Amino acid sequence: MKIVSYNVNGIRARADRLAEYLAEQQPDIVCLQELKCADEAFPAADIEAAGYRAVWHGQKGFNGVAILSRGDTAPTLRRMGLPGDPDDSHSRYIEAEVDGTIVASIYLPNGNPVGTEKFAYKLAWFERLRLHAADLLREERAVVLAGDWNVIPTPEPDDVFSARAMAKDALMQPESREAFRRILHQGWTDAIRARHPDGPVYTFWDYTAGCWQRDAGFRIDHLLLSPIAADRLADAGVDKDYRGREKASDHAPTWVRLEA
DNA sequence: ATGCCTCGCACAGCGAGA
């Protein structure tokens, strides 16, 4: 089964691109981030017309996450939002079960600029995710944590076109990378790097400054697999060409294929 | 050092993104 993480940067602005992606790739499960729409504005009818059912956690204007499954059975919702902060108003986490696999769609806070409350929020959110991820591992099930983690895992060129250009960015701060590593080291597998240990793999290219044209990207969309899911890992990759199409998101769909 | 594009909001630039 193909499981995709795709930050669409506005699901309504990306309606044609998303429908095209579903028709061409026919993924089994799609985790969407940055819906940028309220719950009542989610294009559920369009999703259904494309042959998918969805659960979603929207928010007017920004954030918003969803999980799509192919076929007539909707994902079974497990939770919306992370535990640990009832005052957190951002729609950044949704978790569901599809065909026995637990899947989370994650939109981790960006955290820029560093040194502000936004960066503190990023790290606090990361810590809440770490605690919840540990709970998920204890279930000893197939679990996929898929999303826009807003972290460049290493400053090496394999993860970023220029460590120097990104050195002051929240995505590459040592604290951000450490928080990501702490979750990984619980026992998760970074599927992209498991399949592609060497060489550049980018999932995001900024709209500005010709970043796409000069391949100035970085890797921030990640699919983390629990040990039982990792045992089923057949392949992983980035559907990069969708980044180059008309009206593209600034992220490319990033995926894993698990043996049934 | 800042803006570069894009989206949503709401109808004029602006916040947010990364």
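Order of the sequence lines fixes the chain letters, A, B, ..., with proteins taken first and strands second; residue numbering starts at 1 for each chain. Just so we're clear, the structure is a prediction, and the values are computed from it rather than from any experiment.
If you take CZ of Phe62(A) and P of dC9(B), they are 11 Å apart, rounded to a whole angstrom. We find that CG of Leu35(A) is positioned 18 Å from P of dA16(B), with the value rounded to whole Å. Per the geometry, CG belonging to Asp206(A) stands 10 Å off P belonging to dC5(B), to the nearest Å. Here dA16(B) presents its C1' atom at 18 Å from CZ of Phe119(A), a figure rounded to the nearest Å. Arg245(A) places its CZ atom 19 Å from the C1' atom of dT6(B), with the value rounded to the nearest Å. Rounded to an integer number of Å, the gap from CG of Asn110(A) to P of dG17(B) is 5 Å. Look at CG on Asn150(A): it is 5 Å from P on dA18(B), rounded to the nearest Å. Look at NE2 on His222(A): it is 13 Å from C1' on dA18(B), rounded to the nearest Å.
Across all strands, Asp221(A) comes closer than 4.0 Å to no nucleic acid atom at all (heavy-atom distances). Using a 4.0 Å heavy-atom criterion, one finds that Lys118(A) contacts the sugar-phosphate atoms exclusively. Within the nucleic acid shown, Arg243(A) has no heavy atom closer than 4.0 Å to any nucleic acid atom. Within the nucleic acid shown, Asn7(A) comes within 4.0 Å of sugar-phosphate atoms alone, with no base atom in reach, counting heavy atoms only.
Taking side-chain N and O atoms only, His251(A) has no distance below 4.0 Å to OP1 or OP2 of dG17(B). Applying the 4.0 Å criterion to OP1 and OP2 of dC7(B), one finds that Arg14(A) has a side-chain N or O inside that range. Taking 4.0 angstrom as the limit, Tyr202(A) places none of its side-chain polar atoms (N or O) nearer than this to OP1 or OP2 of dA18(B). Taking 4.0 angstrom as the limit, Asn9(A) places none of its side-chain polar atoms (N or O) nearer than this to OP1 or OP2 of dG8(B). Contact annotation: Lys36(A) side-chain N/O to dA16(B) OP1/OP2 distance is not under 4.0 Å.
Distance noted for atom C1' between dG8(B) and dA12(B): 14 Å (whole Å). As rounded to the nearest Å, dA10(B) and dA16(B) have P atoms that lie 14 Å from one another. As rounded to the nearest Å, dA1(B) and dG13(B) have C1' atoms that lie 23 Å from one another.
Ring orientation note: the planes of Trp56(A) and Phe42(A) are close to parallel, at an angle under 30° on the 30°/60° scale.
Between the side chains of Asn7(A) and Asp221(A), not a single donor N or O lies within less than 3.5 Å of an accepting N or O.
Out of dC4(B), dA10(B), dA18(B), the shortest distance to the side chain of Lys60(A) is found at dA10(B). Across dC9(B), dC5(B), dA18(B), the shortest atom-to-atom separation from the side chain of Arg12(A) is found for dC9(B).
In this structure, Ser91(A) and Gly58(A) approach most closely via the heavy-atom pair OG-O, 2.9 Å. Across all non-hydrogen atoms, the minimal contact from Val8(A) to Leu32(A) is CG1-CD2, 3.8 Å.
Hydrophobic cluster membership differs between Leu258(A) and Val4(A), with clusters built from Ile, Leu, Val, Met, Phe, Trp and Tyr side chains linked at under 4.5 angstrom.
Between Asp215(A) and Lys240(A) there is a salt bridge, since a side-chain N of the basic residue sits under 4.0 Å from a carboxylate O of the acidic one.
If Lys168(A) and Ala13(A) are placed on DNA chain B by their nearest nucleotide, the residue sitting closer to the 5' end is Lys168(A). Both Tyr107(A) and Cys37(A) lie near DNA chain B, and the one whose nearest nucleotide falls closer to the 5' end is Cys37(A).
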